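Remember, predicted model here, so these are calculated numbers, not experimental data. Values reported hereafter were calculated over all heavy atoms of this structure, with side chains retained and with hydrogens, waters and symmetry mates removed.
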Amino acid sequence: MAKDGEKSEWKDFVWNPRTREFLGRTASSWGLIILFYIIFYLFLGGLFALTMYIMLQTLDDHKPTWQDRLSTPGLVIRPHADEAFEIVYSMQKTESWDMYAQALDKFLSPYNNTLQAQKNHECTPDQYFLQEDSGDVKNNPKRSCQFNRTILDICSGLEDRYYGYQIGQPCIIIKLNRVIGLLPGKDGQAPSVTCGAK
């Protein structure tokens, strides 16, 4: 058991009625230390806000400051298969390839000719379509070139809604990811991709 003297010391530390101290400090001492920390944290918050404001002034809303300038941009392959990029199916089992046809339908729906005509610019083939910023409004109004679904012929899904899967000649769509400032092709030659069946 604690002695009476120890209890008295502990009680005096929490609240000492003689010196009017709470946890070893008077009311004015607590007020000063609280005021110090309020000013200190307001200063730190202001310094953080100022540095964020200055940093954000250096960024462009329409173009990343740093980007990987790869010799070849990344590719998107549709229909999306497993991690090994293998599309395995049986021509006799419709359910084994039907999901691939549905995935291509969903992927190609934004490329319907009517939607492309509404949203995008009709570009001249074999020429780069460059758009400069228009005065004070950067990147506006910039449009992409039309990519009509009918360009894909048999793989458009318009003539063959099964995209060749039922006859063992499946369509696989390869799309280049966008890299700002990249002009595709090298020495006037278009990029090429070779793929084959196992």
Side-chain angles (χ1 to χ4, degrees), residues 56-89 91 94-198:
L56 290 174
Q57 296 307 306
T58 65
L59 299 178
D60 188 345
D61 290 337
H62 305 286
K63 183 178 177 185
T65 305
W66 305 106
Q67 61 179 334
D68 293 334
R69 293 307 309 259
L70 305 173
S71 57
T72 56
L75 297 174
V76 175
I77 298 173
R78 292 293 183 264
H80 187 268
D82 58 7
E83 290 79 25
F85 298 108
E86 293 181 342
I87 297 175
V88 181
Y89 72 97
M91 288 189 302
T94 308
E95 64 276 0
S96 69
W97 52 263
D98 189 47
M99 62 181 170
Y100 297 131
Q102 289 177 10
L104 285 173
D105 274 335
K106 185 177 179 183
F107 179 72
L108 291 174
S109 62
Y111 298 101
N112 289 335
N113 292 13
T114 54
L115 289 171
Q116 288 292 307
Q118 289 173 2
K119 293 166 59 176
N120 296 324
H121 184 76
E122 189 171 355
C123 299
T124 308
D126 299 325
Q127 287 186 359
Y128 292 122
F129 178 56
L130 301 175
Q131 302 171 77
E132 297 300 323
D133 292 329
S134 56
D136 296 334
V137 184
K138 292 183 114 185
N139 275 344
N140 192 20
K142 287 193 177 182
R143 301 177 75 181
S144 298
C145 290
Q146 288 182 21
F147 183 85
N148 295 319
R149 190 173 178 169
T150 51
I151 294 172
L152 298 174
D153 293 329
I154 297 168
C155 290
S156 67
L158 301 173
E159 297 171 23
D160 177 12
R161 67 185 207 108
Y162 301 116
Y163 298 93
Y165 283 90
Q166 80 283 8
I167 58 172
Q169 297 175 349
C171 292
I172 297 171
I173 309 294
I174 298 174
K175 178 182 173 187
L176 294 173
N177 289 340
R178 180 177 182 224
V179 177
I180 295 173
L182 175 72
L183 301 176
K186 188 174 183 181
D187 300 326
Q189 296 178 348
S192 63
V193 176
T194 305
C195 61
K198 286 185 178 180

Practice task
Would you indicate whether Leu158, at its atom CG, is surrounded by more than 12 heavy atoms from other residues, nucleotides or ligands within a distance under 6.0 Å?
Solution key: yes
Handout entry: Tyr162 atom OH: more than 12 heavy-atom contacts under 6.0 Å
Key = no
Distance check, rounded to the nearest 0.5 Å: [X] atom [atom1] versus [Y] atom [atom2]?
X	Y	atom1	atom2	value
Thr94	Gln166	OG1	CD	9.0 Å
Leu108	Asn148	CG	CG	12.0 Å
Gln116	Cys145	CD	SG	10.0 Å
Asp153	Glu159	CG	CD	6.5 Å
Tyr111	Lys119	OH	NZ	9.0 Å
Gln57	Leu59	CD	CG	9.0 Å

Handout entry: Trp97 ring center near Tyr163 ring center (under 6.0 Å)
Key = no
Exercise for the section: Would you please test Tyr165 and Leu104 for side-chain contact (heavy atoms from CB on, under 4.5 Å) and show each step? Expected result: CA-CA 11 Å; Tyr165 283 90; Leu104 285 173; 4.0 Å; yes
Which atom names give the shortest non-hydrogen contact between [X] and [Y], and what distance separates them?
X	Y	answer
Arg161	Ala101	O-CB, 4.2 Å
Pro79	Cys171	CD-O, 3.9 Å
Tyr89	Pro170	OH-CD, 3.5 Å
Met91	Ile167	SD-C, 3.4 Å
Leu152	Phe147	CD2-CZ, 3.9 Å

Handout entry: Any side-chain heavy-atom pair of Asn120 and Ser144 under 4.5 Å
Key = yes
